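Each remark here refers to the structure printed beneath this line.
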Amino acid sequence: GMVIMIREATAARNLKDLLPLVTPQNARRFVFVTDDRNPLHLLAEGHIDSMVRAAIELGLNPFLALQIASLNDRGRFGEALTLGLDMMRRFGVEKPQNIESEVSARMNDMAEWASRLEEGDDSERQEISDPELLGLARLFQKTIVPSFLTDPIACIWLMLESQRLWKEHGPCAPLAMALNVAPTIMVAMRGDYLAARHLARHVLAVAESRGYRTETALVRCVFSYSVNHWFEPLENGLAEAEAAREGLLQAADFQYAAVT
């Protein structure tokens, strides 16, 4: 079933608006999130604990506030990751035993590949249509989210597998989504802002040219807040974020739209 995320970040805030929806009967379907709080905000107010205090001050039962902040977040992400990895084995793809050393070596290769990408690359390549490869691409896309929340190294490996599939067989919409985490990972692991921006711009251009409407909006959203502002005037980033927001609203992805 669906879970409603009540967000109190530095920019996007909806605790006051969404809290009246919480009742003892549906409280299990809500979680508190604070992603995208900047360091000064965290130092001044705290993390999830600040949302508990604010919710209680706004009149929510303290026991419900504690439930939303703790028990409700104990989702089944680990099981989802295990299921995804098990299904990948049926395609002959298995998480390596020496995953950390493999990830480190392959990150270097991916950065080099990204730095060599040129405008127009992939524009003439045939899109993945083989059912088995497309199924594997969808598995990568769907498994990256639970891996991001439970096993960061597995998340990086899945991103690298997505890049391998793109490089060897061509692009498709699920791979554009899976590679959406690449710029953030490249910056965090290597501090390579230039290669991260190069790759993000490339995936965005391919997604847009092929008519992946929802994927284009999501890739543009991440591009606008993760790497673009390091290289272009803030007003350019604002234009990208506004375009991403419009696309996300059209795709009814209100959670990501709230980030823009």
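Everything quoted here is computed from the prediction, not taken from an experiment.
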inquiry  = Leu194 vs Phe231, test: side-chain contact (heavy atoms from CB on, under 4.5 Å). Steps then yes/no.
reply    = CA-CA 9 Å; Leu194 186 59; Phe231 297 92; 3.8 Å; yes

task = Please tell me if the side chains of Ile6 and Val22 come closer than 4.5 Å, counting only heavy atoms from C-beta onward.
result = yes

Salt-bridge contact [X]-[Y] (side-chain N to carboxylate O under 4.0 Å):
X: Glu161; Y: Arg106; value: yes
X: Arg53; Y: Glu57; value: no
X: Arg201; Y: Glu240; value: no
X: Arg245; Y: Glu242; value: no

[X] atom [atom1], over 12 foreign heavy atoms within 6.0 Å:
X: Glu124; atom1: CD; result: no
X: Tyr212; atom1: OH; result: yes
X: Leu234; atom1: CG; result: no
X: Gln250; atom1: CD; result: yes
X: Arg213; atom1: CZ; result: no
X: Gln126; atom1: CD; result: no

request  = Determine the sole option in Arg197, Met186, His198 for which the side-chain contact (heavy atoms from CB on, under 4.5 Å) test with Val227 is passed.
outcome  = Arg197

Of Leu15, Thr34, Val33, the residue whose pairing with Arg7 passes side-chain contact (heavy atoms from CB on, under 4.5 Å) = Val33

Pair Phe91-Glu132, side-chain contact (heavy atoms from CB on, under 4.5 Å): steps then yes or no = CA-CA 8 Å; Phe91 290 89; Glu132 185 169 320; 3.4 Å; yes

About how many Å separate [atom2] of [Y] and [atom1] of [X], when rounded to the nearest 0.5 Å?
X: Leu158; Y: Leu81; atom1: CG; atom2: CG; answer: 7.0 Å
X: Leu175; Y: Leu134; atom1: CG; atom2: CG; answer: 8.5 Å
X: Leu199; Y: Asn180; atom1: CG; atom2: CG; answer: 10.0 Å
X: Gln163; Y: Met107; atom1: CD; atom2: CE; answer: 9.5 Å

inquiry  = Under a 3.5 Å distance rule, please check whether Asp192 uses its side chain to pair with a backbone N or O of Ala195 as donor and acceptor.
reply    = yes

message = Treating Arg190 as the side-chain partner and Ala196 as the backbone partner, does any N or O pair qualify as donor plus acceptor under 3.5 Å?
response = no

task = Identify the heavy atoms of Phe30 and Leu18 that sit nearest to each other, and give their distance.
result = CE2-O, 4.5 Å

ask   = For the residue pair Lys95 and Leu85, what are the closest heavy atoms and their distance?
value = CD-CD1, 4.1 Å

task = Verify side-chain contact (heavy atoms from CB on, under 4.5 Å) between Phe140 and Met88, making sure each step is shown before the conclusion.
result = CA-CA 8 Å; Phe140 290 156; Met88 286 174 205; 3.8 Å; yes

